[in-house]
Amino acid sequence: MTKKIIAIAAFLLAVFVLVPVAISATGRWDLYYTLTSVALLSIGSAGVWLTFYIGRINIGQGAYALMGGYVSAVLMTKVGVSFWLTLPLAGLFCAGISVLIGLPILRLRGVYFAMITLVLTEVTRLAALALPITNGAKGITSIPLPGGVSLFGIPLIPDFATMANPKLGFYLLAVTMMVLSYAVLWRIVNSRLGHLCRSLQQNEELAASIGVNTAYLRVLTYAISSFFGGLAGAVFVAISQSIYPSSFAVTDSVNFMLYCFVGGLGYVTGPMLGTFLLYFGWDLLSVAKQYQLLIYSSAMIALMLVLPNGVLSLFDRKGGKK
């Protein structure tokens, strides 16, 4: 337990203190955007990991990231709602939609559920193209930066438009959300709800036979998963100050799933590590030019063969302890 506390403290020190200090010293301000993207993508992949936890292969997280982004963009540009209020609203909207979608499709398993969720991302993109409120292919642009937040006249969050370096503000926002998201995910896994969800993964029929409400658990976990996706999409929109139907595509949904596989499906922090490795790995391979995709794909196949339980299995002597 002491080792875990030390590891968590070291991680928090690194992301909140050491990384900003190192970037400031080197002047590599572009790394803020890269690390912010990694943090937000890891939030979305955390939701995908949760659906794996109930034995479902989710390849549709890009759909909810796109929905969350559009909800935030529409509320800010057409209703005048503060970005900070659109964050939970985007997540809740995605959770609500996922309940309606999940009720029929969560009865499916294996490749059938995976195929439906994969199609969902493309359906969402086509809906964004067709709906007038999303401006079709033109998308929504000129989205304002997050404003300031104060309580009883005491400023809590500065206005990003007045910040000397908004990239630092977005980085701190993203890593804070990432830390909170994984803390929630860890709490779910180590609660009664998490144990019940694990029973679905192992033997859904047996769980139902002893009185577990399997339908309720499936929908609840899928809603939480979609909530994470909506949050990530909303922050991405604030960073880019624009959103288009192609902002999140099928490729992104597949990547969310791959992040979980690479990090390790048996570990809560697996999606976080997988996102970091694959995102930076793809960037580093850019020097290979036309061979980038070939090397990347070959490395992925080799990794799956050598480490089928993910990279974190290298550090787990007890075999899958979370």
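Scope of the values below: all heavy atoms of this structure, side chains included, with no hydrogens, waters or symmetry mates.
As a member of the Ile/Leu/Val/Met/Phe/Trp/Tyr network built from side-chain separations under 4.5 Å, Val119 groups with Val123.
For Phe83, there are no ring-ring contact (aromatic ring centres under 6.0 Å, His included) partners two or more places apart in sequence or in a different chain. Partners of Val250 under the side chain to side chain contact (heavy atoms under 4.5 Å, CB included) rule, at least two apart in sequence or in another chain, are Leu118, Thr121, Glu122, Val254. Shown here are the side chain to side chain contact (heavy atoms under 4.5 Å, CB included) partners of Val19, two or more places apart in sequence or in another chain: Ile23, Leu35, Tyr171. For Ser191, the side chain to side chain contact (heavy atoms under 4.5 Å, CB included) criterion is met by Arg187, Leu193, not counting sequence neighbours. For Ile116, the side chain to side chain contact (heavy atoms under 4.5 Å, CB included) test picks out Ile105, Leu108, with sequence neighbours left out. In this structure, Tyr279 has no ring-ring contact (aromatic ring centres under 6.0 Å, His included) partners at least two apart in sequence or on a different chain.
Residues Val311 and Leu303 form a side-chain contact, since some pair of their non-hydrogen atoms from C-beta on lies under 4.5 Å apart. The shortest distance between side-chain heavy atoms of Cys260 and Pro271 falls below 4.5 Å. Asp159 places none of its side-chain heavy atoms less than 4.5 Å from the side chain of Met163. Gln292 places a side-chain heavy atom less than 4.5 Å from the side chain of Trp282.
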Criterion ring pair (Phe, Tyr, Trp, His ring centres under 6.0 Å) on Tyr182 and Trp186, from CA distance to verdict: CA-CA 6 Å; Tyr182 278 86; Trp186 180 88; over 10 Å; no
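Atom CD1 of Ile133 is surrounded by 12 or fewer heavy atoms from other residues, nucleotides or ligands within 6.0 Å.
The OG1 atom of Thr117 lies 10.5 Å from the CD1 atom of Ile101; values are rounded to the nearest 0.5 Å. Residue Cys197 holds its SG atom at 11.5 Å from CD of Gln202, rounded to the nearest 0.5 Å.
Partner of Leu285 under the side-chain contact (heavy atoms from CB on, under 4.5 Å) criterion, out of Tyr291, Tyr296, Phe280: Tyr296 alone.
For residues 128-153, no residue pair satisfies the side chain to side chain donor-acceptor pair (under 3.5 Å) rule, not counting sequence neighbours. The list of ring-ring contact (aromatic ring centres under 6.0 Å, His included) pairs with a residue in residues 89-123, not counting sequence neighbours, is empty. The side chain to side chain donor-acceptor pair (under 3.5 Å) pairs that include a residue from residues 84-97 are Ser72-Thr86, where partners are two or more places apart or lie in different chains. Residue pairs meeting the side chain to side chain donor-acceptor pair (under 3.5 Å) criterion with at least one partner in residues 204-224, sequence neighbours excluded, are Arg56-Glu204, Tyr64-Tyr222, Arg109-Glu205, Glu204-Arg218. Counting only residues at least two apart or on different chains, the side chain to side chain donor-acceptor pair (under 3.5 Å) pairs with a member in residues 18-38 are Arg28-Asp30.
Hydrophobic clustering of Ile, Leu, Val, Met, Phe, Trp and Tyr side chains at less than 4.5 Å, counting indirect connections, keeps Leu92 apart from Val71. Val262 is connected to Val306 through a chain of hydrophobic side-chain contacts under 4.5 Å among Ile, Leu, Val, Met, Phe, Trp and Tyr, so both are in one cluster.
No side-chain donor-acceptor contact under 3.5 Å links Ser247 to the backbone of Ile243. Side-chain atoms of Gln241 come within 3.5 Å of backbone atoms of Ile143 as a donor-acceptor pair (strictly under, hydrogens ignored). A side-chain donor-acceptor contact under 3.5 Å links Ser225 to the backbone of Gly47.
Using cut-offs of 30° and 60° on the angle between ring planes, the pair Tyr53 and Trp49 is parallel.
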